[in-house]
Amino acid sequence: MATIELFNTLGGKTEPLTPVGGPALRMYCCGPTVYDYGHIGNFRTFLHVDVLRRFVRQQGIPVNHVMNITDVDDKIIRNAAAAGVPIAQYTARYERAFFEDLDALNIEHPEHFSRATGCIPEMVTLIEKLAAKDIAYKTEDGSWYFRIARFPEYGKLSKKDFDGIEDGARVDVDEYEKDAARDFALWKAVKPGEQSWDTPLGTGRPGWHIECSAMATKLLGDDIDLHAGGEDLMFPHHENEIAQSESASGNPFVRHWMHVRFLLVEGRKMSKSEGNFYTLRDLLLKGYRASAIRFLLISVPYRNQMNFTFDSLTESTNAVDRLRTFHQRMLKDGFAEGLNADIAAATAKAEQDYTAALANDLNTAEARAAIFDLVRAANSAADAGSLRAENATQILRVLALFDGVFAVLEDRDAAITRAALAWAEVEGRIDEAAPELVATLSFSDADIDALVAERTQAKKTRNFARADAIRNDLLAKGILIEDSKDGVRWKRK
RNA sequence: GCACCGGUGGCGAAGUGGCUAACGCGCUGGUCUGCAAAACCAGUAUUCAUGGGUUCAAAUCCCAUUCGGUGCUCCA
């Protein structure tokens, strides 16, 4: 059992991650705003949180993980109005898509999901608590704001010093009623035509930051072990959560803060205007596999800026293939009884290195390297005929450990891609799908098996021309045939 | 503009003061194969953006320049 060291934004250094209030690690992760399909940047964050929760559990610590679903905010209101539908109807579709995407990427579901619109009473109670202390105040239009002057520690997470900010500076013309420029909205007064809730605070809707404070406290208490999110959320979102929660409870809100760095795409910031903005679905339609996308996004440690490129996506596809091929090889019977001591040592070292790497601030790159070291050593021994049955058993156990976090060995890719194609069909976006993808998937496994059998028959009669024709034909449709000592296998490229 | 983070082989990417600079992919040659594929072996950065400095010793520390990113404003 390793002690997990994790960088804590609050202290600015790596600290042991340990549950305090009970056996389980109580963690909260800022979830999606369901106004559009999730992009690979969103999923880099969710994937690294998945790596964390999987590894924590692997180390014997149960987790109680909460993720919010923001289903009311400015963008949602704007987009729903543009589409002419109620916001609940608008968000339902993207929420469903989000869950499908989580499953495609093999991201474990948190123990609790919580919708913002399902926790309005809790938010109201929290704001009332702040109002009773005169930390929340109401403006003439009926909105409520948080009085930052009453929270001297403001800025402690993002290490910002706001002394230079003039109290009462008028910077935002829309919010001229605030007492101070930095004061942020807790509750927004209703505007004509907008979705609103009638509450003791007045008629309106919640501000953005209050939902996380209310939901985290409701489900995990007011003293949480870990809170995670993308680096951009550090300020102002998380800073505001701290201010609200700690002002209300009087004690530290969260012990450990984890922030995942942004990624670049082809060396540039990902943005729609750069033309390098990709949702998960965009990539699936281009023919990239869900497993390769997962593997790539978690291969670079979460605190490093990663450069997402299509070359590296191909690299990941091949790397995952190699792991799967190796896994199949170890599953095959036929190794002689006994144990090769050198390989046993290499296996033990791989397990040690893997665990040490992840325990060291989730160094996924080194954990990956540890497993590939084992793959090479074991393949080499297997080629030389010196790998024994007991080695295979041990190696499979270490592979299972590795896959408990990386989660790419099971091949669900074709099914996921089929689902994406079906979705594209419904959405009228099937023309975006790579043509060879459609061709490959139009072949059923049974079709392929039949052709492979025909080729094997042709080979037996030494009709190599026919055998090669079948192989080339399938290859052109993205299906690769491999002959091995143990028989023929095929896979979709 | 101010603050912070980073620039490591063809590509992705570990390593942050001291053994031959991990690992993956790619490429070249070899083994195996009817031919391939898979797998293995060998080769593929005397060097870590550039220039200076500190040190017995630097990719790792310091300064400058340059490029990329983030925050200061909605954003994973």
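Since we're looking at a predicted model, the values are computed, not measured.
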Would you mind reading off the distance between A:Lys491 atom NZ and B:rA36 atom P, rounded to a whole angstrom? 18 Å

Measure the acute angle between the ring planes of A:Trp208 and A:His237, then classify it against the limits of 30° and 60° as parallel, tilted or perpendicular. parallel

Can you confirm whether A:Ile242 sits close enough to A:Tyr154 that some side-chain heavy atom of one is under 4.5 Å from a side-chain heavy atom of the other? no

Heavy-atom side-chain proximity of A:Thr364 to A:His48 below 4.5 angstrom: yes

Look through every strand shown and name the nucleotide pairing with B:rU44 as Watson-Crick or G-U wobble, where both distances are under 3.5 Å. B:rG26

Distance in angstrom units between A:Leu313 CG and B:rG12 C1', rounded: 11 Å

Given B:rC25, is OP1 or OP2 found less than 4.0 Å from the side-chain N or O atoms of A:Asn318? no

Roughly how many Å is it from CG in A:Leu296 to P in B:rG12, rounded to a whole number? 11 Å

Distance check needed: B:rG12 P versus A:Ile293 CD1, whole Å only. 19 Å

In terms of side-chain heavy atoms, does A:Tyr35 have a donor or acceptor partner in A:Asp73 at a distance below 3.5 Å? no

N or O in side chain of A:Arg376 less than 4.0 angstrom from B:rC23 OP1/OP2: yes

Separation of B:rA38 P from A:Glu482 CD (nearest whole Å): 6 Å

Report, as a single string ordered 5' to 3', how protein heavy atoms within less than 4.0 Å touch nucleotides 65-76 of chain B: B base, S sugar-phosphate only, - not at all. ---BSSSSSSSB

Take the protein atom CG of A:Asp383 and the nucleotide atom C1' of B:rC40, then report the distance between them rounded to whole Å. 5 Å

Give me the distance, rounded to whole Å, that separates B:rG1 from B:rA76 when you measure between the P atoms they each carry. 28 Å

Over how many whole Å does the gap from A:Tyr302 atom OH to B:rA14 atom P extend? 13 Å

What's A:Arg471 touching, base or sugar-phosphate or nothing? Going by heavy atoms closer than 4.0 Å. base

Distance, rounded to the nearest Å, where A:Met306 contributes CE and B:rA14 contributes P: 9 Å

Sort out for me which residue in A:Ile298, A:Asn106, A:Leu323 forms a side chain to side chain contact (heavy atoms under 4.5 Å, CB included) with A:Phe406. A:Ile298

Do the side chains of A:Glu5 and A:Asn363 get nearer than 4.5 Å, heavy atoms only? no

Check the side chains of A:Asp311 and A:Thr309 for a donor-acceptor pair under 3.5 angstrom, ignoring hydrogens and angles. no

Report the relative orientation of the aromatic rings in A:Phe43 and A:Phe98; use parallel for angles under 30°, tilted for 30 to 60°, perpendicular for over 60°. parallel

Between B:rC41, B:rA37, B:rA39, which one does the side chain of A:Asn379 approach most closely? B:rA39

Atom pairs, protein N/O to nucleotides 15-20 of chain B N/O, distance under 3.5 Å:
{"unit_1": "B:rG15", "atom_1": "OP1", "unit_2": "A:Asn363", "atom_2": "ND2", "d": "2.9"}

Is there a side-chain contact between A:Ile371 and A:Leu399 (heavy atoms, below 4.5 Å)? yes

For B:rC25, does either OP1 or OP2 sit under 4.0 Å from a side-chain N or O belonging to A:Arg322? yes

